[in-house]
Structures are given as structure tokens and as C-alpha cells.
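Comments concern the structure below.
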There are 2 protein chains.
Amino acid sequence: MSTADGQLRPSHRRTAVLEALKGCPRIVSAQELHMRMVAEGTRIGLSTVYRALRDAEETGRVDVVQAGTGEKRYRWRRGGEHRHYLVCRVCAASRPVGAEAVEAWVASVVSESGFAAVEHTVELAGVCARCQRAAD
Amino acid sequence: MSTADGQLRPSHRRTAVLEALKGCPRIVSAQELHMRMVAEGTRIGLSTVYRALRDAEETGRVDVVQAGTGEKRYRWRRGGEHRHYLVCRVCAASRPVGAEAVEAWVASVVSESGFAAVEHTVELAGVCARCQRAAD
DNA sequence: AGGTGGACTGATAATCATGTTCAATAACGA
DNA sequence: TCGTTATTGAACATGATTATCAGTCCACCT
């Protein structure tokens, strides 16, 4: 394989993936993130991006949103806590929403259900104010 | 493919798919439903099952849960209202949960966000009491 | 009843996101 | 420097879903 510019970074392609994710203003899919990185000049394979995101998901460093089409979209988790997001269907801009009420509701449902190890997913998708204007 | 109002014309096969779904005690994937129908002696193609479920989803006659693997699981919507479910990760048993608190929370978040046409997804997955016992 | 046109069906192929394989290789320690 | 080992990434595999399209069925008209 040709090492064209010799700009081989230290062993942290994975770190590069997470850094790129941090720099994303909107939620992105693995493929979008890969394209973005390549466009910026980072030499990285799609597999590595998938691997890094899966690992980050398992270790709780990113939040995941399942799009309706069965693709996953990621967002860097800024605070320590897991968050829920309101995502724009048009431009994919995302903003975290306060979810204390939902967390409390989930806790009460779980306690009276007899279920154990309950995980919850809350997803909100709509059209943001800017895209509403742009639709005219 | 579709008539003026976007609804598929009723047909023997399509009705059979929804009837089969009604008879399912747990949430099922399209493929599971197809296998189930074939096992019962119904002659039907996988494509038709997918089509019927997609149409039912679009017209709001079924509830959909996205499994972690990117597969969709369906449940016949018994009341008129859309529901949320607590699903067992082991046996796929599902029970509807009262979600008034969540609906109210969603409404308030939406009203102060400036977003329009917001749709929400709430999914709860855990291990039901029976499967907890069976795990011993 | 018989014909006709459009809708439905289903086998197959295509697509799409993601996972796995494995030879090449970069990082690290002796 | 040399060898060991984990990481990488291109190609391939997989699994769910969707599109294609020729054949079939059905409703309606005469």
C-alpha cells in the first residue's frame, strides 16, 4: 500500500474517529462520519469507523439514535449522563432535551412491571424552525 | 400499487397477514410472521408480508418496535390509540404501558422547541419475571 | 358469461447498513 | 534493531428490507 504523503498518524485512528464525532454539529451515521473524515484528509477505513463507534457505544461515550430506516446515528455525549435528543428530520440538527420527567416515568413503570434490566429509548424527530422557514 | 388515497386495496392475502399478526401473543418480525403463516399452511410470499406490514405501519394499524439489530418487530394495535410497550429481550413478550406522562412531557418539549411535526418513539426492553426465573 | 385493464403476488435480484476475515503493518518492548 | 502483538482496512459475508417484473387474479363493464 502506497504511503503517499507519509503522514501516518500515531496509532490512534480510533481517537481520530471520536475527535471527528466531537466536531460534528449534528448527529451522523457511521458512513457520513467516514466520508467527512476522508474529505478532511484523514486516511481511515470504513471498518475502523464502525469499530470505533461500536466500541464507543458499548462503553457509553456516545449516544445512539436509531433512524426509521434501521441505520444508527451517533452523537458525542458531552455531559456524563445519557441524554435524549430532538432531531430534525431534514437537516439532522440535534438538541438535547431535559428528560427528567421521562426518567422518572420509566422508573415507576419498571418498578411495577416485574421486569429487570430495563433499558429505555426515547427518540423525538421533527422539523426544526430553520427548516420550516426554508420549506417556503 | 396504491389507490388515490394511498391505501392498498383490501385483498385476501393482505387481510391474512393482519389476522395472523392479531393472533400473535408477542411482537414478531416480518420474517417470523411469514414463517408462522407458512407453518400454518397459508401460501404466501415473504414480499407480501413485508408489503402488508409496511402498509399497516403507514396507516397506523400496527405498532413498531426497532430491535437493536436494526430489525423491525410488529404488534397489532388493539385500541385506537398508539401505545408504547415493555418488551422482554428474551422471549419477546410485550405488554403495553400507560404512557400519559410521556405524552404530556413530549407535548411540553415540543411546544418550547420550535420544532414542528414531532413524532416520538419510546421503547422499553428488559427481562420479564418469567425469564428471570427461567434463568436459574 | 366473457372480456379487459389495472392491481396484486411472489421469486428473484438489488440495496443498504453493518459485521467478519485476514494479510499487511504500525506501535511497543526487549 | 528485531520480534511480538494488536490494529487496520479492502474485500467479502450477512441479514433485513425493498425494488423489479412477469404472471395472475379480481372487479367491473358489456
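Just so it is clear: chains get the letters A, B, ... in the order the sequence lines come, proteins before strands, and each one is counted from 1.
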Starting at atom CD of E71(B), determine the distance to atom C1' of dT17(D), rounded to an integer number of angstrom.
11 Å

Expressed as a whole number of angstroms, how long is the span from M35(B):CE to dG15(D):C1'?
13 Å

Knowing that exactly one of L18(B), L46(B), V38(B), V17(B) qualifies, which makes a side-chain contact (heavy atoms from CB on, under 4.5 Å) with L33(B)?
V17(B)

With the side chain counted from C-beta on, respond yes when V122(B) and W105(A) share a heavy-atom pair under 4.5 Å apart, and no when they do not.
yes

Indicate whether OP1 or OP2 belonging to dC25(D) is found under 4.0 Å from a side-chain N or O atom of S11(B).
no

Thinking salt bridges, do K22(B) and E19(B) make one under a 4.0 Å N-O criterion?
yes

Any side-chain donor-acceptor pair under 3.5 Å between H84(B) and H120(B)?
yes

May I ask you to say what R73(A) touches in the nucleic acid, namely base, sugar-phosphate or nothing, with a heavy-atom cut-off under 4.0 Å?
nothing

Using a cut-off of strictly less than 4.0 Å, decide whether R43(A) has a side-chain nitrogen or oxygen near OP1 or OP2 of dT8(D).
no

Taking only side-chain N and O atoms of R14(A), does any of them lie within less than 4.0 angstrom of OP1 or OP2 on dT8(D)?
yes

Rounded to the nearest Å, what distance is computed from the CD1 atom of residue I44(A) to the C1' atom of nucleotide dT7(D)?
11 Å

In whole angstrom, what separates H34(B)'s NE2 from dA16(D)'s P?
14 Å

For DNA chain C, which residues in residues 46-57 of chain A have a heavy atom at a distance below 4.0 Å?
S47(A), Y50(A), R51(A), R54(A)

Let me know the distance between CD of E32(A) and P of dT18(C), rounded to the nearest Å.
10 Å

Take the protein atom CG of L18(B) and the nucleotide atom C1' of dC8(C), then report the distance between them rounded to whole Å.
15 Å

Are side-chain N/O atoms of D63(A) and Y85(A) paired as donor and acceptor at under 3.5 Å?
yes

I'd like to know if the side chain of S94(A) pairs up with that of R75(A) as donor and acceptor (distance under 3.5 Å, no hydrogens or angles considered).
yes

Distance check needed: dA11(C) P versus R13(B) CZ, whole Å only.
10 Å

When you compare the side chains of T59(A) and R61(A), does any donor N or O come within less than 3.5 Å of an acceptor on the partner?
yes

Nearest-Å distance, CD (Q66(B)) to C1' (dA17(C))?
12 Å

Which nucleotide in the set dT9(C), dT17(D), dT18(C) lies at the smallest distance from any side-chain heavy atom of K72(A)?
dT18(C)

Q31(B) side chain near dA16(D) phosphate (N/O to OP1/OP2, under 4.0 Å)
yes

